[in-house]
Protein chains: 2
Amino acid sequence: MPKPPRRPLTLRDVSEASGVSEMTVSRVLRNKGDVSEATRLRVQEAAKRLGYVPNKIAGALASSRVNLVAVVIPSLKNMVFPEVLSGISETLETTPLQPVVGVTDYRQDKEEKVLFEMLSWRPSGVIIAGVEHSDASKAMLARAGCPVVEIMDTDGEPVDCCVGISHRRAGRQMAEAILQAGYRRIGFVGTKMPLDHRARKRFEGFTRQLGKAGLEIADQEFYSGGSALAKGRELTHQMLSRTPDLDFIYYSNDMIGAGGLLYLLDRGIDVPGQIGLAGFNGVELLDGLPRQLATMDACRRTIGERAAQMILDRQEGDLEPELVELEPTVTLGDTLTRS
Amino acid sequence: MPKPPRRPLTLRDVSEASGVSEMTVSRVLRNKGDVSEATRLRVQEAAKRLGYVPNKIAGALASSRVNLVAVVIPSLKNMVFPEVLSGISETLETTPLQPVVGVTDYRQDKEEKVLFEMLSWRPSGVIIAGVEHSDASKAMLARAGCPVVEIMDTDGEPVDCCVGISHRRAGRQMAEAILQAGYRRIGFVGTKMPLDHRARKRFEGFTRQLGKAGLEIADQEFYSGGSALAKGRELTHQMLSRTPDLDFIYYSNDMIGAGGLLYLLDRGIDVPGQIGLAGFNGVELLDGLPRQLATMDACRRTIGERAAQMILDRQEGDLEPELVELEPTVTLGDTLTRS
DNA sequence: ATGAAAGCGCTAACAT
DNA sequence: ATGTTAGCGCTTTCAT
């Protein structure tokens, strides 16, 4: 076995090894332009034998085409985002485009940094979670020179394209469903607001809708950090100790909702008879709980797919900005029906 | 507001706007070399005003330095990998290096493609899950021309560096703990093998250790796809219908284990008195279940941190390959003690 | 402290 | 069908 050279191989090496000009080698390796079957084979053989890996840096610079799509999301630990990512990856799978992920930890300063970093690779498109960004970020997006799709949330003013759901409306809808089922003493358990605009909007929509029915949130509690399941237990316990006559708790996500559910069942409390519950997200992960938690699907997969498609559609022509508001489906499950 | 030009800005634009040579502008923007305070300010002002974003493609080509670390993992949906990623990101946070993630879906053909794709960006390092790879992938890794760290698993022959745990030993250890607690009729519920080498190795270590005690797996079941929680319920039900005298079930991960636990509790079965349970991974997510599931921490975060550090250490000198086997900690929890 | 020239490895555009 | 030439936007190196 020949000792591999320390220097990475270049087109030139393949060219010399195959006795074919660099240009033709390049054509073969990209399946571009007419190349005779004979030379094609010789080149492919040489490239394979040497273990040549093309240098995309050089290719991208020369062609000013970078087949990367920057995907900027707040977190990977949240379940929600990996699912969006799946939708994106799958849609891009059969295309030359490739997603590259950057994580912001729900922090605008980090979003700025990540965005700057990614834009400096001159991607073919940007998919970014949320419609709230710092002025600097908005300016960068506006000048990105490539299609931009803001995802997850439609309550705001996108720079270019947008696909998501209205979280305000989602909050309202859930409030309606709860009221219609006859619950009246309603508590809310959520994540600390400043971090998560979408959770905040759901809360706002929720309280506003209750307000229209002349009701107020009977109790509320906000958490941050820790295992969501454990937090759900803990906060549910706290809330019921403080406000024992609650007949419903709305959680800002399914995981804490599940924690609450497990707590109530442990205590032998009748769900949904004595207390009803609902979460948000419709995470498949939780199928298999003792009761199916009422929730609302955030259309994560679809959002990913649509966003990727918007980027693809805009690779050639200069299409108009596209704004898509998806319809989240409500699942009443076993925790929001007093039948 | 001036209409932004379609063409992305170049150093030259900043140079002209500031009346400073391209070279000096470059120096300012990279904090490299001596520049007088006066020019530095003028340049920074101009760059900011224009909204200049440097072109890393060109920079990387010119300097043949690409500050990317390729991270190749099987999946993002598995919890486990996002945690490894956190460890990596955090360690690289304060350095010029940046992780870029590629996902293989546990498929070797896809791993090859992803690896080729990533290597064609000439990254400063590669972190890749597992030690089992196709010959082609191994060849690519060997010739990558940058440090390579194989992670998660130490049972095999790494190309360069390696940090992880021995899943065979993990399986053995869990078997020992179970035997020591006095369980004898032991069932196994796992993921379908060919996909996941680490799960397979745990299973092998587990059965081998039982064998040493003269025992065989009393029943076993493998699943693929679907909600792990629901599968855990379902398979536990099936297994106990078929083999009612089981006194222990070992699950290949915590999520199906949790499903099993919820099922048994629903049925009013005494855990761990009548049946003991254990999973694998030590996912924090599950703190808050009615019982704490016995499990083993796979050191995910540490693995990420160490791997990133190995890459960092190898940026300058040519260090020796480093092989690190971590010690997973066993948590007996509430489901593996017949006190 | 600043500038000028050369070239990173590839591809677009034009020969032939 | 194949080869030649001139850059892509930056950094390296060497001058000044």
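Letters A, B, ... are given to chains in the order of the sequence lines, protein chains preceding strands, and every chain is numbered from 1.
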Restricting to non-hydrogen atoms, name the atom on [X] and the atom on [Y] that form the minimum distance, rounded to 0.1 Å.
{"X": "B:Met310", "Y": "B:Cys162", "answer": "CE-O, 3.9 Å"}
{"X": "B:Met118", "Y": "B:Val72", "answer": "SD-CG2, 3.9 Å"}
{"X": "A:Pro147", "Y": "A:Asp160", "answer": "CA-OD2, 3.6 Å"}

message = So for atom NZ, which belongs to B:Lys110, do other residues, nucleotides or ligands contribute more than 12 heavy atoms lying within a distance under 6.0 Å?
response = yes

ask   = For B:Arg12, does the CZ atom have more than 12 heavy-atom neighbours from other residues, nucleotides or ligands under 6.0 Å away?
value = no

key: Rounded distance (nearest 0.5 Å) linking atom CG of B:Leu119 with atom OG of B:Ser137   =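 Here the rounded value is 9.5 Å.
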
ask   = Can you check side chain to side chain contact (heavy atoms under 4.5 Å, CB included) on B:Val103 and A:Ser89, steps first, answer last?
value = CA-CA 9 Å; B:Val103 172; A:Ser89 311; over 6 Å; no

query = When the C1' atoms of the five terminal pairs at each end define the local axes, what inter-axis angle does the helix from C:dA1-D:dT16 to C:dT16-D:dA1 show, to 10 degrees?
reply =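 About 30° separates the two local helix axes.
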
request  = Could I get the full list of side chain to side chain donor-acceptor pair (under 3.5 Å) partners for A:Ser21, not counting sequence neighbours?
outcome  =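 Here the qualifying residues are A:Thr24.
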
task = At the 4.0 Å heavy-atom cut-off to chain A, mark where contacts on DNA chain D begin and end, going 5' to 3'.
result =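 So the contact region on DNA chain D extends D:dA1 to D:dG9.
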
Residue pair A:Asp155, A:Glu325: steps toward the side chain to side chain contact (heavy atoms under 4.5 Å, CB included) verdict = CA-CA 9 Å; A:Asp155 295 327; A:Glu325 182 179 327; 5.7 Å; no

CA sep, side-chain torsions, deciding dist, call: B:Lys56, B:Leu68, side chain to side chain contact (heavy atoms under 4.5 Å, CB included) = CA-CA 11 Å; B:Lys56 286 217 178 184; B:Leu68 298 177; over 6 Å; no

request  = Using the salt bridge (Lys or Arg N to Asp or Glu O under 4.0 Å) rule, take B:Asp109 and B:Arg107 through it: C-alpha gap first, then chi angles, then the decisive distance, then the call.
outcome  = CA-CA 6 Å; B:Asp109 58 328; B:Arg107 283 169 37 193; 2.9 Å; yes

key: Contact state string [nucleotides 7-16 of chain C, B base, S sugar-phosphate only, - no protein heavy atom under 4.0 Å]   = BBBBBBB---

query = Near DNA chain C, which residues from residues 34-48 of chain B have a heavy atom under 4.0 Å away?
reply =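 Hits under 4.0 Å, by residue number: B:Asp34, B:Val35, B:Ser36, B:Thr39.
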
task = With sequence neighbours excluded, give me every salt bridge (Lys or Arg N to Asp or Glu O under 4.0 Å) pair touching residues 78-91 of chain B.
result =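 The answer is B:Glu83-B:Arg300, B:Glu90-B:Arg301.
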
